[in-house]
Amino acid sequence: VQLQASGGGLVQAGGSLRLSCAASGGTFRRVASGWFRQAPGKEREFVAAITRNGGTTYSADSVKGRFTLSRDNAKNTAWLQMNSLKPEDTAVYYCASAPNVGVVRTRPLYWGQGTQVTVSS
């Protein structure tokens, strides 16, 4: 599965962005999807994940209530809607996938390239 992330940019604190993760080269509905982020000088961290059928999502405590993950298997795409953005959300965001959501949350098998999100104060 090849993943293509997009949608990053520069936004003011309190603003919103929507990241997209487009999949190709495989059957998207057979993999769970997720997002990770890495800020300068920090380790990559889990942000959110969604099951193969989109029925269940998981989010890091730091983004709960602000970020929403969804997917459309017919479009081979997953989205991360980010609202009420904070400067501490600034990072390179990576989409990822794996056969099940448990693996996505810990050891994804497939990674997309990163997309930069910068939140100004």
Side-chain angles (χ1 to χ4, degrees):
V1 177
Q2 289 80 49
L3 305 174
Q4 180 77 31
S6 62
L10 173 64
V11 63
Q12 289 187 334
S16 299
L17 281 174
R18 188 173 80 156
L19 305 184
S20 298
C21 180
S24 62
T27 305
F28 186 60
R29 67 177 184 274
R30 294 182 179 174
V31 295
S33 295
W35 288 90
F36 289 72
R37 67 185 181 185
Q38 187 167 20
K42 295 187 177 181
E43 293 187 353
R44 190 174 299 187
E45 64 175 0
F46 169 76
V47 175
I50 188 167
T51 52
R52 287 173 289 186
N53 64 3
T56 304
T57 59
Y58 301 87
S59 300
D61 288 343
S62 58
V63 305
K64 280 182 180 176
R66 300 189 298 121
F67 291 12
T68 303
L69 185 53
S70 61
R71 66 188 291 163
D72 185 336
N73 289 340
K75 296 181 178 179
N76 293 331
T77 303
W79 297 274
L80 182 67
Q81 178 66 43
M82 306 186 295
N83 298 327
S84 302
L85 283 161
K86 304 175 182 180
E88 51 263 45
D89 294 319
T90 294
V92 178
Y93 284 70
Y94 299 89
C95 63
S97 67
N100 65 66
V101 71
V103 177
V104 164
R105 296 175 67 183
T106 57
R107 293 174 288 108
L109 296 181
Y110 309 104
W111 291 93
Q113 90 294 354
T115 184
Q116 177 71 46
V117 172
T118 303
V119 184
S120 63
S121 58

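We're numbering straight along the sequence, starting at 1.
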*Asks:* Under 3.5 Å, side-chain donor or acceptor atoms of residues 96-106 against the rest of the protein: list the pairs with distances, not counting sequence neighbours.
*Replies:*
residue: N100; atom: OD1; partner: G102; partner atom: N; Å: 3.0
residue: N100; atom: OD1; partner: V103; partner atom: N; Å: 3.0
residue: T106; atom: OG1; partner: G102; partner atom: O; Å: 3.1

*Asks:* Mind checking salt bridge (Lys or Arg N to Asp or Glu O under 4.0 Å) for K75 and listing every partner two or more places apart, or none if nothing turns up?
*Replies:* none
*Asks:* How long is the span from the OG1 atom in T115 to the CD atom in Q4, to the nearest 0.5 Å?
*Replies:* 9.0 Å
*Asks:* Minimum heavy-atom separation for G34 to L69, with atom names?
*Replies:* CA-CD2, 4.5 Å
*Asks:* What pairs with K86 under side-chain hydrogen bond (donor to acceptor under 3.5 Å, both in side chains), at least two apart in sequence or on another chain?
*Replies:* none
*Asks:* Applying side-chain hydrogen bond (donor to acceptor under 3.5 Å, both in side chains), can you list everything that pairs with T118, at least two apart in sequence or on another chain?
*Replies:* Q116
*Asks:* Is it the case that one hydrophobic cluster holds both V119 and F67, taking links as side-chain heavy atoms less than 4.5 Å apart, direct or via other members?
*Replies:* yes
*Asks:* Given the rule that I, L, V, M, F, W and Y join up when any side-chain heavy atoms are under 4.5 Å apart, are Y93 and V11 in one cluster?
*Replies:* yes
*Asks:* Could you pull out all donor-acceptor pairs under 3.5 Å where a side-chain atom in residues 13-29 meets a protein atom, sequence neighbours excluded?
*Replies:*
residue: S16; atom: OG; partner: N83; partner atom: OD1; Å: 2.9
residue: S20; atom: OG; partner: W79; partner atom: NE1; Å: 3.4

*Asks:* Determine whether L85 and V63 fall in the same hydrophobic cluster, where Ile, Leu, Val, Met, Phe, Trp and Tyr are linked whenever their side-chain heavy atoms lie under 4.5 Å apart.
*Replies:* yes
*Asks:* Do F36 and P108 have side-chain heavy atoms sitting under 4.5 Å apart?
*Replies:* yes
*Asks:* Has Q38 got a side-chain atom pairing as donor or acceptor with A91's backbone, closer than 3.5 angstrom?
*Replies:* no
*Asks:* For a quick test of your reading: what N or O donor-acceptor pairs under 3.5 Å do the side chains of residues 44-60 make, sequence neighbours left out?
*Replies:*
residue: E45; atom: OE2; partner: R37; partner atom: NE; Å: 2.6
residue: E45; atom: OE2; partner: R37; partner atom: NH2; Å: 3.2
residue: T51; atom: OG1; partner: N53; partner atom: OD1; Å: 3.2
residue: T51; atom: OG1; partner: G55; partner atom: N; Å: 3.2
residue: T51; atom: OG1; partner: T56; partner atom: N; Å: 3.1
residue: T51; atom: OG1; partner: T56; partner atom: O; Å: 3.3
residue: N53; atom: OD1; partner: G55; partner atom: N; Å: 2.8

*Asks:* Taking the side chain as every heavy atom from C-beta outward, state whether D89 and M82 have any atom pair closer than 4.5 Å.
*Replies:* no
*Asks:* Measure across L3 and C95 and return the closest heavy-atom pair with its distance rounded to 0.1 Å.
*Replies:* CB-SG, 3.7 Å
*Asks:* Treating Ile, Leu, Val, Met, Phe, Trp and Tyr as nodes and any side-chain heavy-atom pair under 4.5 angstrom as an edge, say whether L109 and W111 lie in one connected cluster.
*Replies:* no
